Structure formats: C-alpha cells, structure tokens
Enquirer: 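Sharing a structure below in structure tokens format, with a few things to ask.
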2 protein chains.
Amino acid sequence: MAVANQPKKPQAKSGRKLSDAGGTRRRTGSEDSKTRATLIDVTERLMLRDGYAAVTSRRVAVEAGVTAPLVHYYFPSLDDLFVAVLRRRAEQQVVRQARLLAGEEPLRALWAFNTDRKSARFLTEFIGLANHRKSIRGEISAYAERFRAIELAAIEAAVADGRIDLGGLSPAGILVLLSTSSRGLVNEEAIGMSTGHEEVHALVEQLLARAEGRT
Amino acid sequence: MAVANQPKKPQAKSGRKLSDAGGTRRRTGSEDSKTRATLIDVTERLMLRDGYAAVTSRRVAVEAGVTAPLVHYYFPSLDDLFVAVLRRRAEQQVVRQARLLAGEEPLRALWAFNTDRKSARFLTEFIGLANHRKSIRGEISAYAERFRAIELAAIEAAVADGRIDLGGLSPAGILVLLSTSSRGLVNEEAIGMSTGHEEVHALVEQLLARAEGRT
DNA sequence: GTCTATACTTCGATAGAC
DNA sequence: GTCTATCGAAGTATAGAC
C-alpha cells in the first residue's frame, strides 16, 4: 500500500507568470552577474542545438557548471530565462540589422541577415516557444514585428530613392516572402532536407540582381 | 515541461531506438484497436494546440480517458507515438495532395495545400520535433522530402505540357519558395503577427495568375 | 549578494495482475 | 487484450544557510 501519491497542497500550481505574480518577490541575482550571463549563453546554445523543449533548469545548470536551484535564483521561472535570452539576442540583432540595412543593397543584406543559421534558428525556436508558452507570446511577437517594421521601412526607403526597383511588386510582400522562406530553408537544412535548396538560392539571387542590379 | 525523461539504462548508448532495441519486445496493442486510434487523435490535437513538447504519456492518457501506462502499452516509447502520428497523417496527405495536384492549376493547389493551417502547423511541429528527438529525425525528413519530390514532379510535368509558364524560373526554386513561406505565414499568424501578410497573399496571387493565367 | 538543501510534482517506462 | 501498482529519474521551484 504505502505511499500512493497523496493529494498535495494546493500549492500555487506553477502559474506561468513572469517573475512574480504580485506579492512577495523572491530575491534574484544581479543583472550584471557573470553567472547570469553564462546561463543565458548556455540556454542559447541548448535552444539552437536541441530546441526550446530541451531547456530545463537542470540541463542548463549542468552545462553551466552550477546547480539547478541557482538557475532559479537568477531566473525565478524558466519563462524569465527565455525572455532574458530573447531580449539580449534582440538587442544585439537590432544593432547588426541597422548596420546591414543602411548599405546600398538592403534586399541582399536582408537575405543574408535572415539566412544566417543562428538568427533563423532562433526565430523559429521562439515562434515555437510562443506557441507553447502563451505567457511570453506577446513579448516574442512584439519583437518580431518590430524587426519587420524596421526592415519594411528600409526597403520602402530604398524603393523611394531608387536604390532598388521591385518592378511594382509590394515591398511588404517581398519582405515577408524572403523572411519566411529564408527561415524555412535553414530549418529544413537543419533536419537534413536539401531538395530544391540550391535552386531557391539561385532564384533569389536572380531576383535580387534584377532589383538591385549586378549579377 | 515534459521533455524527455530518458531511462538511464545501460542499453546500448547508441541513442534511442523505436520500440525495442533488439531483444525482448514488450507486448503491444493491436494495430486496429480503437483505443490506439484515439491516442493518435489526441496526440495530434495536443501537438496542434500546445506543441510537441506538451505531449506526455500522462496528458495523452487524460485526454483520451485512459491511464498513462496504457499509452505505453500501445506505444512503448513516446517516439513510437510521434512516428505513428506522422505516418497516419502522411498517408492521409498523400491522397489529398495527389487529388489537388492533378488539376489544372497545380501551383494554386500547392499554395492552398500548404497554407492550410493544420498541415502547416503539423509540419512545423515535426520539424521542431526532429530537432529535439534526433532518433526520429530521419523518418521525418524522409517524409518531407517525399512530399516535395511529388510536388516537384507535378510542377515539372505542368511546365512540360504547357499548363503553367514559370517564365524560365526554376520549378524547384519556386516550389521551395512557396512551401517555406506558406508555412512561415501560418506560424506567424498563429502567434499574432500580421504585418505584410495580406501583401504576400496578394503578391503570390499575382505571381500565380501570371504563371497559370486567370486573375 | 550568492548558493545549497530540499520539497514536491510529473515524467517515461516496466512488471505483472486481471 | 487491458489496466493497476509502482519505480527511479528528472522537472520546477522555494526556503534558508552562508
């Protein structure tokens, strides 16, 4: 008999809030702790290598050489950890993106930016995460939309001053088409698919050449 | 968060095997059991609603109104369950796809087929799963490549007999471009993104009209 | 300010009773 | 052919010692 799982306490049931619901906030590690940064690094690596579902406090702890509870000291809940990764990454990307889009060939830059393995994989993981953890969905889609808005503005500006010529095609349409397919390509590649990939790259290059000149 | 709880068994560390590694296969439920079909139904629903990471034997059991061990009776490991979902779904889709692609407007059919919410969400979940559970990655990408090959053949045939005119653009390139972006669109939509979506649909319609005629 | 001890829950999976 | 009893590992999270 013994030990059949007794009904435990009502116990806050892990209600998926960021940090703390509204009362007694538990203590957290300082923003500029080296350990904290390491935890974010490790989480990034895990997400890229095995997907968001592979991120657990224990695994992050092992990879970082610390104990699991320490992870919760810096990030009370896993959602907090994911959000920290998202924010750090987004801040870095905003800078990189601005530099790239300012050049003579914004479309080509966009394609390069979005086919970057790391960026594409990240965005995909976060989209999957947004679907799974509704509590951080808003944060994720807000960032994604923000990037898109910046890119759209860059393309529209380039069309306006004649740096690129889309032949009358919608800038927003082209942007989304390129963004989504670059992401898709990288994800397919990651699982070993390859049919048609070379052809898309050639096709896109052809379209970019037509819009921005040069072969 | 669910995530694999792999037994630490000595068992050939060569990675997960489907069903049984090589000896004593445990008993399994019959292929045509009603319960078995229900478990696959429930798993599909869970994957669509909360993502692959939300699929646990316990959750599946609750939703199906059975006990958790019964899930393992039909599907010794969770990977077996995922593979069953994949196979059943793929078989259904092959039929649907063949019917659609045989028509006068294969490109339009392709776009419709791939922007179907359920299909797109599924493929995305399986790609994520392939990344997370490497043991079934091959199975997943093999199916995806098989679908792509069929689609490619359909497009090439349509180009050959003049039903569509791609203006010299690569059929494989166009195919991958449409497939990846349709999937991306659906996923973005699922998390609440919308910038540029209308424009892509219009853009694609424009391109399809050019290739297959008609407005 | 940082980390350890530890609680409690849920996981995948198995053995063997019905 | 189906389900109960139960295991041991791993999961998130909290309290309180340094």
Side-chain angles (χ1 to χ4, degrees), chain A residues 1-21 23-39 43 46 52-82 133 135, chain B residues 1-11 16-21 23-36 38-39 43 46 52-62 64-82 133 135:
Chain A
M1 331 273 89
V3 218
N5 265 349
Q6 278 314 343
K8 303 308 160 83
K9 283 316 186 59
Q11 194 68 303
K13 101 152 275 199
S14 155
R16 285 283 150 73
K17 286 287 188 35
L18 290 191
S19 296
D20 182 79
T24 64
R25 189 197 194 82
R26 206 159 78 252
R27 292 197 295 170
T28 8
S30 71
E31 268 312 303
D32 59 341
S33 150
K34 185 158 169 48
T35 304
R36 196 188 126 100
T38 303
L39 294 176
T43 304
L46 272 175
Y52 67 85
V55 175
T56 67
S57 43
R58 270 173 148 97
R59 260 204 276 250
V60 168
V62 168
E63 297 264 326
V66 302
T67 61
L70 189 60
V71 174
H72 287 286
Y73 164 61
Y74 286 101
F75 305 98
S77 80
L78 280 192
D79 283 355
D80 293 307
L81 175 55
F82 283 125
R133 331 257 303 205
S135 58
Chain B
M1 195 69 341
V3 181
N5 213 6
Q6 244 42 53
K8 248 36 218 282
K9 279 326 178 62
Q11 193 63 301
R16 283 181 270 231
K17 288 290 189 31
L18 290 189
S19 296
D20 182 76
T24 65
R25 188 197 193 84
R26 205 159 78 252
R27 291 197 295 170
T28 357
S30 73
E31 197 66 40
D32 60 341
S33 149
K34 185 157 169 50
T35 304
R36 196 189 127 100
T38 303
L39 294 177
T43 304
L46 273 176
Y52 68 85
V55 175
T56 68
S57 45
R58 278 174 147 90
R59 258 198 283 247
V60 169
V62 168
V66 301
T67 61
L70 189 61
V71 174
H72 286 288
Y73 164 62
Y74 285 103
F75 306 98
S77 81
L78 280 192
D79 283 356
D80 294 308
L81 176 55
F82 283 126
R133 331 256 306 203
S135 58

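This structure is a prediction, so every number in the text was calculated from the model and none was measured. A, B, ... follow the sequence lines: proteins, then strands. Residue 1 opens every chain. Reckoned from all heavy atoms, side chains included, excluding hydrogens, waters and symmetry mates.
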Enquirer: Within this structure, what is the CG-to-P distance between B:Leu78 and D:dA10, rounded to whole angstrom?
Expert: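 Atom CG in B:Leu78 sits about 16 Å away from atom P in D:dA10.
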
Enquirer: Which is true for A:Leu70 with a 4.0 Å heavy-atom rule: it touches a base, it touches only sugar-phosphate, or it touches nothing?
Expert: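 Base contact.
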
Enquirer: To the nearest angstrom, how far is B:His72 atom NE2 from D:dA5 atom P?
Expert: 17 Å

Enquirer: Roughly how far apart are B:Arg59 CZ and B:Leu46 CG, rounded to 0.5 Å?
Expert: 7.5 Å

Enquirer: Rounded to whole angstrom units, what separation is found between the CZ atom of B:Arg58 and the P atom of D:dT6?
Expert: 14 Å

Enquirer: Rounded to whole Å, please give me the gap between OH in A:Tyr74 and P in D:dA13.
Expert: 18 Å

Enquirer: Using a cut-off of under 3.5 Å, enumerate the N/O to N/O pairs linking the protein to nucleotides 16-18 of chain D.
Expert:
residue	atom	partner	partner atom	Å
D:dA17	N6	A:Arg27	NH2	2.9

Enquirer: Could you pull out the closest heavy-atom pair between A:Asp79 and A:Ser135, with the gap in Å?
Expert: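 That would be OD2-OG, 2.7 Å.
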
Enquirer: How long is the line joining CZ of B:Arg133 and P of C:dG12, in whole Å?
Expert: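 Whole-Å distance recorded here is 8 Å.
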
Enquirer: Let me confirm one number: the OG1-OH distance from B:Thr67 to B:Tyr73, rounded to the nearest 0.5 Å.
Expert: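 B:Thr67 atom OG1 to B:Tyr73 atom OH measures 12.0 Å (nearest 0.5 Å).
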
Enquirer: In Å and rounded to the nearest 0.5 Å, what is the CZ to CG distance from A:Phe75 to A:Asp80?
Expert: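 The distance works out to 8.0 Å.
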
Enquirer: Below 4.0 angstrom, which residues in residues 62-69 of chain A have at least one non-hydrogen atom near DNA chain C?
Expert: A:Thr67, A:Pro69

Enquirer: Rounded to whole Å, please give me the gap between OH in B:Tyr52 and P in C:dG12.
Expert: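 Nearest whole value for this atom pair: 14 Å.
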
Enquirer: Measure across B:Phe82 and B:Tyr52 and return the closest heavy-atom pair with its distance rounded to 0.1 Å.
Expert: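 Result for this residue pair: CZ-O, 3.8 Å.
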
Enquirer: Within a strict 4.5 Å, meaning less than it, do heavy atoms of the B:Arg58 and B:Val71 side chains meet?
Expert: no

Enquirer: List the residues meeting side-chain hydrogen bond (donor to acceptor under 3.5 Å, both in side chains) with B:Ser57, not counting sequence neighbours, and say none if there are none.
Expert: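 For B:Ser57 the side-chain hydrogen bond (donor to acceptor under 3.5 Å, both in side chains) partners, ignoring immediate neighbours, are B:His72.
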
Enquirer: Identify, between A:Ser57 and B:Thr35, the residue whose nearest nucleotide on DNA chain D lies closer to the 5' end.
Expert: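 Upstream on the strand: B:Thr35.
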
Enquirer: To the nearest angstrom, how far is B:Arg59 atom CZ from C:dA13 atom P?
Expert: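 It works out to 15 Å between those atoms.
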
Enquirer: Measure across A:Leu39 and A:Val60 and return the closest heavy-atom pair with its distance rounded to 0.1 Å.
Expert: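 Scanning both residues completely, I find the closest heavy atoms to be CD2-CG1, 3.8 Å.
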
Enquirer: Which pair of heavy atoms, one from B:Leu78 and one from B:Val55, lies closest together, and at what distance?
Expert: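 So the minimum-distance heavy-atom pair works out to CD1-O, 3.8 Å.
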
Enquirer: Rounded to whole Å, please give me the gap between CZ in A:Arg36 and C1' in C:dC3.
Expert: 17 Å

